[in-house]
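Have a look at the structure below, then the notes.
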Amino acid sequence: MALIVQKFGGTSVGTPDKIRAVAERVLSYKKQGNKMVVVLSAMAGETNHFVEMAHKMQKQPDEREMDVLLASGEQVTIALFAMAVKDLGHDAVSLLGDQVKILTDKMHTKARIKSIDTNLITDNLSQDKVVVVAGFQGVTKDDDLTTLGRGGSDTTAVALAAALKADQCEIFTDVEGVFTTDPNIYSAARKIDRITYDEMLELASLGAKVLDIRSVGLAKRYKVPLHVRSTFTDNEGTWVVEENKDMESMLVSGVTYSKNEARITLSKVHDVPGVASKIFTPISDAGIIVDMIIQNTRAGEMTDMTFTVPRTDYQKALNIVKDLDLGSDGNVSGSDDIAKISIVGVGMRNHSGIATTMFHVLAKEGINIQMISTSEIKVSCVIDEKYTELAIRALHDAFALGDDNLPAEE
Ligand code: ADP
Ligand code: ASP
Ligand code: MG
């Protein structure tokens with residue numbers, strides 16, 4: 001008998017009929033003798049709808065109340081799912097984040113899990129119930145509701161799998177697995193059978209929303225093998241696992257994009273010790289995560305500083321830097337119509353020239369690169385948002401990612 005955690009995303013539970021179909025699928029595993037813990041998202045579109053409504057109430061909605069609102073979507077699906085299971089003649093119990101005691105910090109709308117109490121879940125499993133837990137939500141030690149950030153149900157699932165020491169953690173979604181690029185953007189994208197935690201971390205952090213980045217971080221840390229697969233077929237999906245030799249010879253595994261960022265430039269700031277700290281301390285104090293940072297070489301006593309922040313934090317970050325007293329008469333500008341295009345692959349560690357190929361491909365398409373950043377296994381370029389699809393296709397073709405997945409020799 002295995003303990004299996006299965007998570008179903010918004011499109012998988014988008015209608016009552018789909019919820020019933022998911023309940024049937026879960027019961028098929030239960031009937032094989034497995035203990036089933038199910039994590040559900042809100043119905044597709046619900047969370048976006050809540051965000052829209054909140055902005056009609058307040059320009060910058062109060063974050064505590066936002067979480068009370070956002071957490072309601074998952075409450076609907078878990079209750080309907082438990083009813084469907086009961087209607088199919090089995091027992092189930094729906095549990096909210098605060099009932100389980102998924103304890104988080106107080107960072108509303110992007111809270112981090114601190115601990116999970118597994119007692120209530122294991123008690124219910126031992127009573128032969130299907131346990132269905134609301135994804136994406138937790139509770140602070142002061143009993144305030146929190147949410148884990150968009151896409152956070154994946155993180156709930158992996159955290160539960162780790163806490164329960166589950167035998168399997170499966171993420172069911174609307175595509176067949178992790179692809180070489182978003183299959184909804186480029187139909188030549190190919191499903192990857194196995195991908196390393198590190199590559200998946202990069203892909204997720206660079207925009208491949210098929211898995212929430214924090215779920216991958218947790219999976220890596222607690223060695224939870226993840227199976228990403230389709231709700232609508234029985235096909236094998238993608239396994240996210242530890243690295244092995246074959247994988248290392250793949251040069252580039254995927255191309256990804258993110259339209260979730262915005263760029264802020266401070267021109268003419270003093271080039272003296274302490275300036276970066278003055279700029280970035282209030283930004284990090286506000287819980288804003290800065291991604292790329294570029295400081296130009298100095299011209300006279302002055303320099304320019306450009307960085308990116310999540311698009312949702314753009315106005316907040318812009319206001320913070322506008323209020324800074326940096327003792328110079330420089331100005332602040334920014335843009336939120338940028339996209340970050342990235343190529344990822346563990347093979348990059350041992351091969352040169354990958355970044356150059358990327359720059360060459362973008363140049364050939366007439367796409368200007370505004371910022372560049374690299375790590376051991378990725379290269380990212382910020383470009384004008386309107387060229388996103390063009391860049392993805394050109395890079396996917398240039399690195400032959402649609403071809404059969406034979407490890408390249410060079
Ligand atoms: P869910 O609601 O099930 O959590 P998401 O919408 O969060 O699903 O994630 C699935 C989507 O991720 C797919 O529909 C696809 O458009 C997108 N996606 C982006 N990059 C990739 C990729 N490299 N491989 C697969 N899907 C991707
Ligand atoms: N419902 C939440 C969202 O849309 C969480 C999730 O689906 O993972 O972001
Ligand atoms: Mg998701």
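Just so you know, ligand 1 is whichever comes first in the structure, and atom 1 is the first atom listed for that ligand. Just so you know, these numbers use all the heavy atoms, side chains as well, and skip hydrogens, waters and symmetry mates. Residue numbers count from 1 along this sequence.
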Salt bridge or not between [X] and [Y]? Use side-chain N to carboxylate O under 4.0 Å.
{"X": "Arg263", "Y": "Asp291", "value": "no"}
{"X": "Arg393", "Y": "Glu365", "value": "no"}
{"X": "Lys106", "Y": "Asp144", "value": "no"}
{"X": "Asp313", "Y": "Lys110", "value": "yes"}
{"X": "Asp91", "Y": "Lys86", "value": "yes"}
{"X": "Lys259", "Y": "Glu389", "value": "yes"}
{"X": "Arg229", "Y": "Glu170", "value": "yes"}

Which residue holds the protein heavy atom closest to [atom], what is that atom called, and what is the gap in Å?
{"atom": "atom 14 (O) of ligand 1", "result": "Asp174 OD1, 2.9 Å"}
{"atom": "atom 6 (C) of ligand 2", "result": "Ser153 OG, 3.3 Å"}
{"atom": "atom 2 (O) of ligand 1", "result": "Gly10 N, 3.2 Å"}

Nearest option to atom 27 (C) of ligand 1, as decided by whichever heavy atom of Leu211, Ile185, Val210 sits closest:
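Nearest heavy atom to atom 27 (C) of ligand 1 lies in Val210.
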Return the option from Thr238, Ile171, Asp182, Val13 holding the heavy atom at the smallest distance from atom 21 (C) of ligand 1.
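When every heavy atom of Thr238, Ile171, Asp182, Val13 is considered, Asp182 comes closest to atom 21 (C) of ligand 1.
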With nothing but distance in play, are any N or O atoms of [X] less than 3.5 Å from an N or O of ligand 2?
{"X": "Lys7", "answer": "no"}
{"X": "Gly151", "answer": "yes"}
{"X": "Asp154", "answer": "no"}

Side chain or backbone of [X] under 4.0 Å from ligand 1, or both, or neither, by non-hydrogen atoms?
{"X": "Val175", "result": "side chain"}
{"X": "Lys7", "result": "side chain"}
{"X": "Asn184", "result": "side chain"}

Under 3.5 Å: N/O of [X] near N/O of ligand 1:
{"X": "Phe179", "value": "yes"}
{"X": "Thr173", "value": "yes"}
{"X": "Thr180", "value": "no"}
{"X": "Lys209", "value": "yes"}
{"X": "Ser41", "value": "no"}

Quick one, [X] and [Y] - any side-chain contact, counting heavy atoms below 4.5 Å?
{"X": "Val175", "Y": "Phe179", "value": "yes"}
{"X": "Thr265", "Y": "Val332", "value": "no"}
{"X": "Leu226", "Y": "Val158", "value": "yes"}
{"X": "Val37", "Y": "Leu125", "value": "yes"}
{"X": "Val51", "Y": "Leu70", "value": "yes"}

Mark up the atoms of ligand 2 that fall under 4.0 Å of a heavy atom belonging to [X], in ascending order.
{"X": "Arg150", "result": "3 (C), 4 (O), 9 (O)"}
{"X": "Ser41", "result": "6 (C), 7 (O), 8 (O)"}
{"X": "Thr47", "result": "1 (N), 2 (C), 3 (C), 4 (O)"}
{"X": "Glu74", "result": "1 (N), 2 (C), 5 (C)"}

Hey, does Pro183 sit under 4.0 Å from ligand 1 if you only count heavy atoms?
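Yes, Pro183 has heavy atoms under 4.0 Å from ligand 1.
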Ala189 heavy atom under 4.0 Å from ligand 1
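So Ala189 does not count as touching ligand 1.
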Could you walk me through whether Ile171 and His227 pass the side-chain contact (heavy atoms from CB on, under 4.5 Å) test, one step at a time?
CA-CA 6 Å; Ile171 307 290; His227 188 198; over 6 Å; no
With a 4.0 Å cut-off on heavy atoms, is Gly152 touching ligand 2?
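For ligand 2, residue contact (heavy atoms, under 4.0 Å) with Gly152 is present.
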Can a non-hydrogen atom of Glu46 be found less than 4.0 Å from any atom of ligand 2?
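Under 4.0 Å: no for Glu46.
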Using a 4.0 Å cutoff against the non-hydrogen atoms of Gly177, which atoms of ligand 1 qualify?
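Result: 24 (N), 25 (C).
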Show me which atoms of ligand 1 lie under 4.0 Å from any heavy atom of Val178.
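Near Val178, the atoms of ligand 1 are 24 (N).
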Specify whether Phe8 and Phe172 have parallel, tilted or perpendicular ring planes, treating 30° as the upper limit for parallel and 60° as the lower limit for perpendicular.
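Rings of Phe8 and Phe172: parallel, under 30°.
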Assess the pair Phe280 and Phe307: is the distance between their ring centroids shorter than 6.0 Å?
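Yes, they do, as the ring centres are separated by less than 6.0 Å.
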